[in-house]
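What's counted below: heavy atoms across the whole structure, side chains too, no hydrogens, waters or symmetry copies. Lettering follows sequence order; numbering is per chain, from 1. These numbers were taken from a predicted model, which means no experiment stands behind them.
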Protein chains: 4
Amino acid sequence: MADASIRCVPSATRRSEQSRRAALDAALALVTELPYPRITVDAIAARAGVSKATIYRWWSAKGALVVEALAQQSADRPEEHLVLPDTGDLEADLAGVLRAIVDEMADPSYDALMRALSIESLQDPALRDQVREQIFGVQLEYVERRFAAARAAGQLRDDVGTLEAFELFVAPVFHRWQGATGPLTHAYADGVAARAVRALRPG
Amino acid sequence: MADASIRCVPSATRRSEQSRRAALDAALALVTELPYPRITVDAIAARAGVSKATIYRWWSAKGALVVEALAQQSADRPEEHLVLPDTGDLEADLAGVLRAIVDEMADPSYDALMRALSIESLQDPALRDQVREQIFGVQLEYVERRFAAARAAGQLRDDVGTLEAFELFVAPVFHRWQGATGPLTHAYADGVAARAVRALRPG
Amino acid sequence: MADASIRCVPSATRRSEQSRRAALDAALALVTELPYPRITVDAIAARAGVSKATIYRWWSAKGALVVEALAQQSADRPEEHLVLPDTGDLEADLAGVLRAIVDEMADPSYDALMRALSIESLQDPALRDQVREQIFGVQLEYVERRFAAARAAGQLRDDVGTLEAFELFVAPVFHRWQGATGPLTHAYADGVAARAVRALRPG
Amino acid sequence: MADASIRCVPSATRRSEQSRRAALDAALALVTELPYPRITVDAIAARAGVSKATIYRWWSAKGALVVEALAQQSADRPEEHLVLPDTGDLEADLAGVLRAIVDEMADPSYDALMRALSIESLQDPALRDQVREQIFGVQLEYVERRFAAARAAGQLRDDVGTLEAFELFVAPVFHRWQGATGPLTHAYADGVAARAVRALRPG
DNA sequence: CGCTAATCGAGACGGTACGTCCCGTCTTCAG
DNA sequence: CTGAAGACGGGACGTACCGTCTCGATTAGCG
């Protein structure tokens with residue numbers, strides 16, 4: 001809960017919150033507007049009305065800025081996370097969330113954001129860890145609650161951890177999205193949910 | 001099996017096979033030696049003893065060259081694919097392959113190749129499609145055979161396609177690799193196989 | 001009169017006159033169409049419908065081809081040389097020729113040709129010599145006749161050679177053209193002629 | 001005398017004088033060391049310890065840089081201009097300067113500089129104008145003074161402008177240098193001076 | 001409340017890699 | 001067995017970003 005922003009050396013009290021927001025907003029906007037490799041620090045600085053020096057004073061590189069921007073957005077809008085409802089019917093709850101994810105993936109902006117995150121994660125282990133903790137971790141927490149309830153209701157095997165369960169229904173969708181290896185439809189989402197539940201069912 | 005080499009514009013008859021191989025080999029070598037963003041077209045050209053113009057004559061960019069190099073390697077060494085054995089025990093067969101995959105992912109060279117492929121796929125839809133068809137597709141074919149046998153043996157549900165089955169056991173591993181969200185151990189591989197088989201079992 | 005074309009090694013008997021003319025014509029055409037540095041051997045070859053290899057077989061470089069093309073034209077159209085009339089009035093005869101030169105210099109094509117010649121002469125001593133002998137020399141011969149007549153008529157000092165006399169009325173115009181240091185008008189031409197004649201007059 | 005440095009677009013206040021001098025000096029040095037076409041922007045940048053981008057930020061091309069370098073040198077060393085002495089004997093004064101010019105033309109460095117200037121002037125009208133104003137113009141001014149004195153002393157015709165007078169003794173030498181059409185000796189210089197004076201003499 | 005030092009915008013700088021263009025050579029293939 | 005077509009290695013081009021830096025101008029917070 002404490003301020004996680006142990007980031008850079010400079011005094012940090014003097015830091016202009018205005019510049020910081022401008023940079024993050026500009027980064028976010030550009031990520032949805034341009035193919036990722038065409039986003040440059042110069043462009044972000046220009047769009048934000050901020051100097052390049054200011055950006056490099058507070059972030060180590062383009063990637064760190066982009067990842068922080070996305071984490072920030074993720075923190076600002078908790079409703080967009082994987083908030084699993086609990087109707088008692090695990091498969092239906094999962095299917096609902098997967099349908100929502102599939103719908104979101106069709107949105108070019110969301111697609112662009114995901115792409116940016118993935119690229120930076122793949123290029124820099126430090127950013128990958130940051131993504132895992134600040135974005136993936138948050139999502140995992142939400143899922144954990146629902147699974148705890150399911151476990152309590154005896155709907156989950158004992159030998160499957162939350163992370164493995166989470167992977168079981170998220171990874172296929174993500175894999176298909178990233179590789180464009182098949183259609184991302186509601187029917188597909190339902191199928192993934194059904195298979196996940198079968199795999200997780202006790203007995 | 002047919003000639004898949006409908007590739008680029010120029011006459012293609014006059015093309016120097018020697019230069020082509022040199023470029024692909026150099027690209028492959030560099031991918032395993034350097035962090036991906038540090039690989040430059042100049043370096044590939046120099047290593048291959050080929051001019052930059054020649055590279056740009058036949059490939060649109062670094063990414064296309066790298067992807068073709070990997071696809072080529074994939075075609076040259078079929079033994080490194082997902083060749084699923086058929087012992088009759090589907091879960092054991094899957095677990096064996098997943099263990100092999102997990103081992104491979106620990107190899108820095110393989111890691112670098114995968115990273116390169118993923119980054120390029122994410123940056124350019126055309127390359128993503130090329131990867132899907134020339135690399136992913138080949139792997140899928142191998143898997144298909146084993147699943148056909150399993151299906152014939154009544155070990156597979158009727159309502160699950162090969163692609164979905166494939167995703168079920170490959171996507172979690174890939175997801176965990178890419179996000180570094182958990183350990184990639186033999187135990188984990190076994191767990192994925194077990195869950196996949198449960199999800200695919202009829203009834 | 002003898003064949004001056006002791007040029008290159010190849011058989012020369014087999015040489016395709018058609019290709020040779022096509023190349024020279026294309027070079028000439030391009031010189032008048034494009035700024036000189038943009039004229040490339042590829043462009044000449046393409047325009048001529050001749051292969052680059054053929055060009056390099058017979059000429060050492062672009063410059064040699066261009067210079068030969070201009071020399072050829074110079075030889076083909078003797079009427080465009082400095083043909084000094086002989087009316088008995090040396091100053092009037094010179095003024096007439098200088099006016100003609102000045103008019104020609106206003107023609108963009110002629111301007112382009114001169115530019116090409118000068119550039120090549122400056123870049124390569126061998127071509128400079130070729131220009132001197134095949135183009136300048138021809139012009140000088142024409143002038144020599146008129147000056148011989150003038151000398152016979154006692155209108156020329158004894159201590160001035162033809163070359164010096166020639167320079168006296170040609171160099172100023174050429175210098176002004178090349179440096180764009182002043183207007184090139186008929187009045188100017190007349191002035192140059194007058195000064196030249198004063199300088200050359202005996203006594 | 002006034003600040004002639006109205007040159008390029010960008011802010012110019014922030015411009016690094018150090019980089020500017022380094023680039024000009026390097027260009028000048030290379031011009032005297034290498035045949036002109038072999039001088040590359042990369043080489044100038046490397047020699048100057050300056051980045052290519054900096055060169056292109058302030059000069060449009062190699063030619064502009066070289067011309068400015070020569071103009072700069074011309075401004076820095078006024079003693080090397082055509083400083084006509086005034087002994088009262090115009091012909092002797094001219095002959096002296098022409099002998100000096102002829103000697104200079106025998107110097108390979110000077111030859112290279114002139115060649116470079118001429119080539120660039122012929123290839124680009126903008127540079128030709130720059131040469132005329134920043135180099136030729138300066139020389140002309142020096143000559144003008146001597147001619148004003150001569151005119152005051154009644155040694156010059158009224159109907160000949162300074163520019164024409166200047167051409168009369170400079171153009172032949174320049175023409176002979178550029179075309180290599182004859183020897184550049186002291187005797188020749190004396191002859192040119194004599195002819196020029198005859199042409200300019202009143203009556 | 002005014003001094004002083006950090007931060008800000010602007011943008012020039014040394015670099016590195018880019019992707020293009022042209023050179024002059026060499027190979028292939030149609031006539 | 002010529003010659004058009006054009007791929008090739010080489011190398012310079014001019015551009016685009018990178019991340020650093022130097023400028024004044026602004027501004028915050030300690031004295």
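Between the CZ atom of R38(D) and the C1' atom of dG11(F) there is a distance of 12 Å, given to the nearest Å. As rounded to whole Å, 8 Å separates atom C1' of dA17(E) from atom OH of Y56(B). In this structure, W59(A) places its CH2 atom 15 Å from P of dT20(F), rounding to the nearest Å. Put simply, CG on D42(A) is 13 Å from C1' on dT15(F), counting in whole angstrom units. Atom-to-atom, CD1 of I55(A) to C1' of dG9(E) comes out at 12 Å; the value is rounded to the nearest Å. Rounded to whole angstrom, the span from the CD1 atom of I39(B) across to the C1' atom of dC18(E) amounts to 16 Å. Between the CD atom of Q18(B) and the P atom of dT27(E) there is a distance of 11 Å, rounded to whole Å. Atom C1' of nucleotide dT16(E) and atom NZ of K62(B) are separated by 13 Å, given to the nearest angstrom.
Looking only at side-chain heavy atoms (C-beta outward), L122(C) and Y36(D) stay at 4.5 Å or farther from each other.
Nearest nucleotide to the side chain of S51(B), out of dC8(E), dG10(F), dC13(F): dG10(F). Closest to the side chain of T40(C), out of dA12(F), dG10(F), dC22(E), is dC22(E).
Toward the 5' end of DNA chain F, the nearer of the two residues A46(C) and S19(B), judged by each one's closest nucleotide, is A46(C). The residue among G49(D) and A61(C) whose nearest nucleotide of DNA chain E lies closer to the 5′ end is G49(D). Residues A43(C) and S16(D) both approach DNA chain E. Their nearest nucleotides, taken by heavy-atom distance, put S16(D) toward the 5′ side.
Taking the charged nitrogens against the carboxylate oxygens, D111(C) and R128(D) have no contact shorter than 4.0 Å, which rules out a salt bridge.
Put simply, W58(A) has a side-chain N or O that comes within less than 4.0 Å of OP1 or OP2 on dC8(E). R57(A) has no side-chain polar atom (N or O) that falls below the 4.0 Å cut-off from OP1 or OP2 of dT7(E). Of the side-chain N and O atoms in T54(B), one or more sit less than 4.0 angstrom from OP1 or OP2 of dG9(F).
Distance check, rounded to the nearest 0.5 Å: CD1 of I39(B) to NZ of K62(B) gives 6.0 Å.
Looking at heavy-atom distances under 4.0 Å, A53(B) makes contact with a base.
Below the 3.5 angstrom threshold, one finds no donor paired with an acceptor across the side chain of K52(C) and the base of dG6(F).
Within a 6.0 Å sphere centred on CD of Q18(D), heavy atoms belonging to other residues, nucleotides or ligands number 12 at most.
Judged by the 6.0 Å distance and 45° axis criteria, R15(B) is positioned over the aromatic ring of W59(B).
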